[in-house]
Amino acid sequence: MQAIILAAGMGRRLGDYTKNNTKCMVPVNGVKLIDRLLGQLAKQQLKRVIIVVGYKGKELREYLESQYGQQLTASCQLLFAENPVYDKTNNIYSLALVKDQLQEDDTLLIESDLIFSDKMIPMIVDNPYPNLALVAKYETWMDGTMVRLDDEQNIVNFISKDAFDYNDVDAYYKTVNIYKLSQQFSQQKYVPFLDAYTKAVGNNEYYENVLRIISMLNNHEMKALPIGTEKWYEIDDKQDLDIAEALFADEKDVLRKYYGRYGGFWRFPQMLDFCYLVNPYFPSRRMKDELRANFDTLLTEYPSGMKVNTLIASKSFGVSEPYIVPGNGAAELIKSLPQPLQRRGELIGIIRPTFEEYPNRFDKDSQVTFVPQNEDYRYSADDLMAFFGDKNIHLLLVINPDNPSGNFIPKADILRLAQWCEERQIRLVVDESFVDFSEDYASNSLLSDEILESYPHMAVMKSISKSYGVPGLRLGILASADKELIARIKKEVSIWNLNSFAEFFMQIYNKHEKDYQRACAKFVAERADFERQLRQVPFFRVMSSQANYFLCEVLPPYTASEIVIYMLKQHNILTRDCSGKTGLDPNKQYMRIAVRDHQDNTRLVEGLKKLKIKN
């Protein structure tokens, strides 16, 4: 068997990365694509590897000859063919240049801009079928040639870009651009059709088009081999490179590469995300259908300005217009808080461990920090009043339920704390982004005119992303009976700070409010079951929570990072290592685990249980 690698393309979309090198010379986590590929091929019993070069071909050839000489292994030659018109042709011409060699042996045909699991070359080589294409179930990031399969994994059609239909994506597979072609197939079918096709259509085409024509003969000579959950990526642009570096990062870098993305994990559709914190049961299907039905209008029309969006937010959340401001996520509103709330020299009360976005926005030298002195990081309103009573603070920040501990102060006690702050002229900011996950969710919110007017020094923040399950909309609200505060923040943010989808969500929310209440009730029941399952994991000490996550102490001999990396590498599940977070015991290990739906939660626990206790 031999391998043919197509490496003539210019890779324009990679910009500076291919200014002086062809695509296969681009490093992923420090290893060039071509070195990784040749290392994988060196493990096979190949007679030769033929690389078709073009753009920066001289540099590629000199590099490979300096690294490998004329032999990839003692029994495998390393040969080159040149496409001198790489800028005027496509890969069909590169393959036609080596059509004679293609007919001399069974062949692995591989494109050079791929990165893939070490298991995939043995997977296709060891399979008994002589003519195979590795394929992956369609995912949104994929582009290029798609195929349809019959029940026996025969490729019955190649779908061109022009014929691609989003209504049929459930039936599509993407070619991984790794093929096995038998010598007989190349001689009797592929090369004769290749000659006829290029003569009729020209050389600015793709070699898959020849396979598409052959598939129309209904002789089922080309079969597909689905790769399942094996990792791979095609690197065409800078974003592809960024994603590939996360997918194939080594253990020392993998968490940094994922955590540093701060979201966007939908680009890894097979991965389960147990880091980010959203309601798994809302929006309902009915609400999503309404959003879809209005997609074209919302995409192509401007949103309303602050005046209208304030009115809609008032309607949705039951707070008078002068008392509420909607934001592009709670993050926008948190960023706007320091200027109207903090004055030079005034002290701010912080509770840790906490959501660091709040302390990060305020003067660190002015922060007075309360840390609960117990292993579960529990605290009450009385604890806060006792600690801050003699600290002369002017602002107190409380997240309720807290993140990451899940500690919850009941509503009656929060109102006692609010009264205590009123009497001392202390501004109280309560972030209740997770309050709808609490057991008495229907009555725990502070969002009402009556409550806000009773405690005008209190401001209530709420991230709609969390409990309403719509982080992609970027929506949050801040409410207070302090009209001057609300007016100042409205001036701080852009007049068009919400997009049309977020605006429409608020517009239709009240129609779906009963579905939301049912979703919250379902969540509370699921969290209780998930807690029961997590407590069966022998190396976890689970802390009870009223939010949609659990803080778990990781018990020796494991560390949190070991478990997080194991879950990501072995089960494609991303969890959060909280060890080292300010306020947590630095001598212990911690993880924060989100609550998803029952199927996902069970999958997580089953994966954890497969990790055996060290001796």
Side-chain angles (χ1 to χ4, degrees), residues 317 319-320 322-327 330-352 354-371 379-403 407 409 411-435 444-463 476-493:
F317 302 106
V319 175
S320 294
Y323 296 168
I324 192 168
V325 53
E332 181 187 41
L333 301 173
I334 294 170
K335 184 179 179 180
S336 301
L337 278 177
Q339 183 173 346
L341 291 187
Q342 185 176 18
R343 291 181 291 274
R344 184 179 297 274
E346 291 184 342
L347 299 179
I348 302 165
I350 302 284
I351 304 160
R352 278 196 165 102
T354 193
F355 177 49
E356 290 296 324
E357 186 69 11
Y358 280 101
N360 286 345
R361 292 296 176 182
F362 288 88
D363 180 10
K364 290 179 171 52
D365 293 335
S366 300
Q367 295 177 17
V368 180
T369 302
F370 168 76
V371 178
Y379 60 89
S380 66
D382 291 322
D383 293 329
L384 299 181
M385 290 185 282
F387 179 82
F388 290 110
D390 61 354
K391 301 299 189 295
N392 196 31
I393 61 171
H394 293 265
L395 172 64
L396 177 59
L397 300 171
V398 178
I399 298 177
N400 194 47
D402 210 344
N403 179 6
N407 181 77
I409 301 175
K411 182 177 180 179
D413 291 336
I414 280 286
L415 295 180
R416 283 199 302 113
L417 179 63
Q419 182 60 43
W420 181 84
C421 289
E422 287 293 325
E423 293 168 358
R424 288 157 179 77
Q425 300 292 292
I426 296 172
R427 175 77 68 177
L428 174 64
V429 176
V430 180
D431 187 318
E432 62 167 49
S433 295
F434 303 103
V435 77
N444 277 337
S445 175
L446 303 176
L447 290 175
S448 77
D449 284 356
E450 181 181 359
I451 291 175
L452 296 174
E453 289 167 355
S454 297
Y455 309 99
H457 280 78
M458 181 172 69
V460 180
M461 185 77 73
K462 187 161 193 168
S463 165
I477 55 171
L478 178 69
S480 176
D482 184 341
K483 297 179 184 179
E484 182 180 348
L485 170 65
I486 297 299
R488 287 185 65 181
I489 290 181
K490 285 180 180 177
K491 290 180 180 179
E492 285 287 317
V493 301

Heavy-atom side-chain contact between Y455 and L446 under 4.5 Å: no

Side chains of N444 and I414: does their closest heavy-atom pair fall under 4.5 Å? no

Within the 4.5 Å heavy-atom criterion, are V429 and L341 side-chain neighbours or not? yes

Between the main-chain N or O of E432 and the side-chain N or O of N400, is there a donor-acceptor pair closer than 3.5 Å? no

Side-chain heavy atoms of I351 within contact of D402, under 4.5 Å: yes

Evaluate the side-chain proximity of N407 to P401: yes if any heavy-atom separation is below 4.5 Å, no if none is. no

Can a donor-acceptor pair be found, under 3.5 Å and without considering hydrogens, that links the side chain of S480 to the backbone of A459? no

Identify the two heavy atoms, one from I489 and one from L337, that lie closest to each other, and give their separation to 0.1 Å. CD1-CD2, 3.9 Å

With sequence neighbours left out, what residues match R416 under salt bridge (charged side-chain N to carboxylate O under 4.0 Å, His left out)? D382, D413

Among residues at least two apart in sequence or on other chains, which ones pass side chain to side chain contact (heavy atoms under 4.5 Å, CB included) with P359? I350, R352, T354, E356, Q367

For the student: nearest non-hydrogen atoms of I324 and I486, plus distance: O-CG2, 3.7 Å

Using distance only, find each side-chain donor-acceptor pair of residues 385-398 under 3.5 Å and give its atom names and separation, not counting sequence neighbours.
residue : atom : partner : partner atom : Å
K391    : NZ   : F387    : O            : 2.6

Would you please name every residue forming a salt bridge (charged side-chain N to carboxylate O under 4.0 Å, His left out) with E346, sequence neighbours left out? R343

Does anything in residues 420-430 pair up under salt bridge (Lys or Arg N to Asp or Glu O under 4.0 Å), and if so which pairs, sequence neighbours excluded? R427-D482

Y323: which residues meet the ring-ring contact (aromatic ring centres under 6.0 Å, His included) condition with it, sequence neighbours left out? none

4.5 Å side-chain heavy-atom contact, D431 and K462: no

Near K335 NZ, under 6.0 Å, is it more than 12 heavy atoms from other residues, nucleotides or ligands? no

Taking only Lys NZ, Arg NE, NH1 and NH2, and the carboxylate oxygens of Asp or Glu, determine whether R488 and E492 approach each other closer than 4.0 Å. no

